[in-house]
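Sequence lines set the chain letters: A, B, ... in the order given, protein chains first and strands last, and positions in each chain run from 1.
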Protein chains: 2
Amino acid sequence: MKIKRETDHALKCVLHLAQHQDEYINVLEISQQKNIPRTFLAKILQKLTKAGIVESHQGSHGGFKLTRQPAEISIYEIYKVVQGGIEVNKCVIDNKFCDRIHYCSIHPVWIEVQVDIKKKLINTSFADLISKEAVLADGVQRKKAKT
Amino acid sequence: MKIKRETDHALKCVLHLAQHQDEYINVLEISQQKNIPRTFLAKILQKLTKAGIVESHQGSHGGFKLTRQPAEISIYEIYKVVQGGIEVNKCVIDNKFCDRIHYCSIHPVWIEVQVDIKKKLINTSFADLISKEAVLADGVQRKKAKT
DNA sequence: TTCATATAGGACTAATTTAGTCCTTGACTA
DNA sequence: TAGTCAAGGACTAAATTAGTCCTATATGAA
Ligand code: FES
Ligand code: FES
């Protein structure tokens with residue numbers, strides 16, 4: 001389990017959409033606001049659309065918006081859509097990877113780690129992120145004001 | 001944080017040494033027993049030697065053995081030596097990676113995940129693994145006997 | 001109705017990282 | 001002193017990641 005760039009982009013992107021609900025926002029705007037290569041982001045948004053996390057609208061004034069409330073979308077969901085399942089070690093996914101798998105004492109450790117990670121990611125929604133972001137941004141503002 | 005092949009090899013290797021304490025075991029034997037490419041394993045053992053986890057002896061009847069008791073060696077230690085620190089997302093290591101870092105609401109999630117993983121890995125020693133392995137291997141034997 | 005503005009989708013490429021090999025040198029010991 | 005083993009550096013192959021580019025299709029407005 002290592003966050004790929006693609007997933008990182010996807011999370012920022014969904015965060016942006018969550019911060020601008022109920023309007024269609026196009027790829028260019030998100031890519032500029034969140035500093036993501038435009039064409040790459042377009043690909044990511046295709047995945048999110050297929051997965052039903054966002055809905056798209058073509059033509060002028062088109063773009064993307066969330067299909068659900070931010071509180072109903074977890075980090076884990078986005079992670080899973082763009083990156084697939086959590087895979088701490090290859091043998092956890094591919095059971096032909098290691099012949100020791102039937103008695104390997106290390107294996108259960110990875111399983112446990114995965115369960116922990118999954119729990120944490122499921123328990124963080126984009127509503128949580130939005131409110132936290134507001135607080136943090138405010139903190140940065142105050143710091144700047146002081147100097 | 002994704003277990004590399006190299007780390008996986010290293011863990012199996014140390015497990016083998018832990019199961020055969022107090023004798024020097026050479027690269028060839030470990031590589032055969034644990035199914036690891038010989039030359040690659042040699043490299044890994046170099047790292048472990050430098051890190052002081054194993055000690056080496058050259059010449060005939062040479063090889064490697066642990067410098068400490070299995071109970072004193074954690075999975076985390078091996079992980080760290082061969083793979084470096086836990087890095088769930090790049091921004092956690094490289095603070096120039098993302099300009100959002102000062103107020104990013106997602107960032108703390110990765111930090112928490114890392115802390116959890118680290119705890120779990122530190123709390124598993126090779127003594128734990130050895131005893132668990134014995135139980136698991138026994139289970140496999142019993143299953144075979146039944147058929 | 002047609003032009004400007006969007007996304008959809010596939011094929012491709014570049015860059016980076018992972019997973020090794022190979023070869024020469026140096027230590028140990030029977 | 002020959003045979004056996006690790007140390008170390010340089011190299012290569014394979015796989016994955018991180019994108020680009022081009023064409024097609026949908027939409028709304030002039
Ligand atoms: S088989 Fe999965 S860690 Fe050993
Ligand atoms: S800066 Fe680390 S996740 Fe946003």
Separation of C:dA19 atom C1' from B:Lys47 atom NZ, nearest Å, is 11 Å
May I ask you to say what B:Lys50 touches in the nucleic acid, namely base, sugar-phosphate or nothing, with a heavy-atom cut-off under 4.0 Å?
sugar-phosphate
Charged N-O contact under 4.0 Å between B:Glu133 and A:Arg100:
yes
So, OP1 or OP2 of D:dA6: does either fall under 4.0 Å of a side-chain N or O from B:Thr49?
no
Using 4.0 Å as the upper bound for N to carboxylate O, is an ion pair formed by A:Lys47 and A:Glu6?
yes
Using a strict cut-off of less than 4.0 Å between a Lys/Arg side-chain nitrogen and an Asp/Glu carboxylate oxygen, indicate whether A:Asp116 and A:Lys120 qualify as a salt bridge.
no
Separation of A:Leu41 atom CG from C:dA8 atom C1', in whole Å?
14 Å
Strand-adjacent residues in residues 57-64 of chain A, judged by heavy atoms under 4.0 Å from DNA chain D:
A:His57, A:Gln58, A:Gly59, A:Ser60
Any salt bridge linking A:Lys2 with B:Glu87? Criterion: basic side-chain nitrogen under 4.0 Å from a carboxylate oxygen.
yes
Which of parallel (below 30°), tilted (30 to 60°) and perpendicular (above 60°) describes A:Tyr24 and A:His57?
tilted
Does this structure show an ion pair linking B:Lys4 with B:Asp8, if we count only N-O contacts that are shorter than 4.0 Å?
no
Could you tell me the separation between the CG atom of B:Asn26 and the P atom of D:dT4, rounded to a whole number of Å?
12 Å
Residues B:Arg38 and B:Glu29 bridged, charged N to O under 4.0 Å
no
Over how many whole Å does the gap from B:Phe97 atom CZ to C:dT16 atom C1' extend?
13 Å
Rounded to whole angstrom units, what separation is found between the CD1 atom of B:Ile30 and the P atom of D:dC5?
13 Å
Would you indicate which nucleotide in C:dA8, D:dA6, D:dG8 comes nearest to any side-chain atom of B:Ser56?
D:dA6
Annotated protein contacts, base or backbone, on nucleotides 14-22 of chain D with a non-hydrogen cut-off under 4.0 Å, one of B, S, - each
---SSBBB-
Examine the side chains of A:Thr67 and A:Glu55 and answer whether a donor and an acceptor come within less than 3.5 Å of each other.
no
Given the rule that I, L, V, M, F, W and Y join up when any side-chain heavy atoms are under 4.5 Å apart, are B:Tyr103 and B:Trp110 in one cluster?
no
